[in-house]
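All remarks here apply to the structure that follows.
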Amino acid sequence: MVVAANPLAVDAGAEVLRDGGTAADAMVAVQAVLGLVEPQSSGLGGGAFLVWYDAGTGILTTLDGRETAPFDATPQYFQDEDGVPLKFFDAVVGGRSVGAPGTPRLLEEAHRRWGKANWGDLFSKAIDLAEHGFAASPRLAQLISEDGERLQRYPATAAYFFPGGAALEAGDVVTNADYAATLRSIARDGSRAFYTGPIAEDIVRTVRTAEGNPGLLSMTDLALYDVIERAPVCVTYRAYDVCGMGPPSSGALTVGQILGIVEHTDLAALGPESPEAWRLIGDASRLAFADRGRYMADSDYVPMPTDGLTAPAYLEDRAKLLESDPAKGHRALDDVTPGMPEWDHAMLWGSDASIELPSTSHISIVDREGNALSMTTTIENGFGSRLFVRGFLLNNELTDFSFATHENGLPIANRVEPGKRPRSSMAPTIVMRDGAPVLVIGSPGGSRIIGYVAQAIINHIDWSMDVQQAVSAPHVLNRFGTMDLEEGTDAAALENALQGMGYKSNVQSLDSGLHAIAIGDSLTGGADPRREGIAMGE
Ligand code: DON
């Protein structure tokens, strides 16, 4: 079964599985097509995190294909000459925000470890669509029309998304010969065709000459890029182990903290219509985000209390903060501060203030051998840096770093450093029970990814929703104090009760893209109705 954000991509993956390919093979085909039909969200110019369950060995592995900062970048990279942090979009659009992409190497590494199909064949569907054309989807057309000014700032980008000066419309048949040629090179020569030679030279030139906002990416940054295998981060939640991507992603640690805190409450008895359930989840989430802001970053650069942050005794202590005083009733926490997890370094960080905004895509795949793949893939902002080269967009992942270097005199863990990977919220997850996978899940949504994934797991485990209900259910999120309630759903009806508990609230559209597979006697897929994805297979 394949669940991903566009039917053409899902179809390509399902065909690979039908032909006997593994989940890793199918993922390569899915990603190659997504880069064409959902170019605003992910692609060759971006990065990704992958969680793999190997049915043969029973081992879970995570691969970090996150972008890296140029070796010439300094902590002041996103500040002006006076040390003032740039405005977000002034940093995003252009070359400065572009990190060395990780996705091409990740595809190759996943295929090398777990694939059995012929590498070159996995690109044929995407090449065919790029050469013969695909119909622009309504979502792509809508996002192009909403981003006209930025997308037309650079001529190559404008020419592709605004052919003849007019925005692509839904149903327009689009061809992309440059993308087909890039894929042919990678199909023939592997990812080295991307990281060295003429494609790499074009990427570097585009970044370094971007008018108004050039970047520092170099041929060396590309040539030295590598995917890193990291230990999965797993947190026990009720009868399950919830496993995912550790640093430089904050995904698994923050999802794990939320679940590890609410484990000390009886959510099943409260049910999803109870404001009290959302107080508990919301305040658990605020506590977890406070720790995320202070402690989480690329652990290759900054010491991190990774074990301490998910230690059961620490989370039990944090859960005590949620206990209500019966005399006062159920109240929102007045004061949320980071905790003091146990760690073996004496270190105090300032809290981070980086911003993350929409794009990104999640792919869930289970193959006939029972291998399971959960991968979240991104170019960060919708249309990334807006730089378009060789048929694909370049990421703006470096704006996931903190623009400020210090807070109240303390250094910020997620500040820019040469070669470092920006902190992510991506949370590709595999939920295990008794050593076997039972749920594969993840979502786009910037730092809201964490709440989307944690809630969908609660929906499924505590509230017995099937996987489609679990991804469709209304969202209630809290990261930094305000309750975000999903517009046009039953969540909005909770507003009065939550305000009565002392929360600020905001009713708004909450654009998740949860893609999940539940593994039982058979497979059940769940595709988020808020985007264009589907589930296919059995
Ligand atoms: O890595 C991250 O957390 C972000 N760059 C992901 C961006 C994202 O999910 C935008 N989503 N709609």
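One is the number of the first residue; the rest follow in order along the sequence. Indexing begins at 1, ligand by ligand and atom by atom, following the structure's order.
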Interfacing atoms of ligand 1 (cut-off 4.0 Å, heavy-atom, Ile449) = 9 (O)
Ligand-residue contact atoms, ligand 1 with Met426, heavy atoms, under 4.0 Å | 1 (O), 2 (C), 3 (O)
Do Arg105 and Ser191 have side-chain N/O donor and acceptor atoms under 3.5 Å apart?
-> yes
Ligand-residue contact atoms, ligand 1 with Arg531, heavy atoms, under 4.0 Å = 12 (N)
Measure Asn381 to ligand 1 on non-hydrogen atoms and call it side chain, backbone, both or neither using the 4.0 Å cut-off.
-> neither
Is any side-chain heavy atom of Tyr295 less than 4.5 Å from a side-chain heavy atom of Val302?
-> no
Under 3.5 Å: N/O of Pro444 near N/O of ligand 1 = no
Measure the distances from the heavy atoms of Arg423 to every atom of ligand 1 and state whether one is below 4.0 angstrom.
-> no
How would you list, by chain and number, every residue that makes a side chain to side chain donor-acceptor pair (under 3.5 Å) with Ser250, sequence neighbours excluded?
-> Arg292
Within 45° cone and under 6.0 Å: Arg150 NZ/CZ vs Phe89 ring | yes
Per-residue contact class, Arg448 against ligand 1 - non-hydrogen pairs under 4.0 Å | neither
Please determine, by modelled atom types, if Ser425 and Ser447 share a side-chain donor-acceptor pair under 3.5 angstrom.
-> no
Compute the shortest N/O to N/O distance between Gly446 and ligand 1 and return yes if it is under 3.5 Å, no if not.
-> yes
Return yes or no for this condition: an N or O of Thr378 is under 3.5 Å from an N or O of ligand 1.
-> no
Answer with yes or no whether the side chains of Arg386 and Asn381 bring together a donor and an acceptor at under 3.5 Å.
-> yes
Would you say Glu67 contacts ligand 1, with heavy atoms under 4.0 Å as the rule?
-> no
Is the closest side-chain donor-acceptor distance between Gln468 and Ser472 under 3.5 Å?
-> yes
Check each heavy atom of His362 against ligand 1 and say whether those closer than 4.0 Å belong to the side chain, the backbone, both or neither.
-> neither
Show which atoms of ligand 1 fall inside a sub-4.0 Å distance from at least one heavy-atom site of Ser425.
-> 1 (O), 2 (C), 3 (O)
Salt bridge (Lys or Arg N to Asp or Glu O under 4.0 Å) filter on Asp291, not counting sequence neighbours, yields Arg318
For ligand 1, the portion of Ser359 having any non-hydrogen atom under 4.0 Å away | backbone
Among side-chain atoms of Ser42 and Gln31, is any donor-acceptor pair under 3.5 angstrom?
-> yes
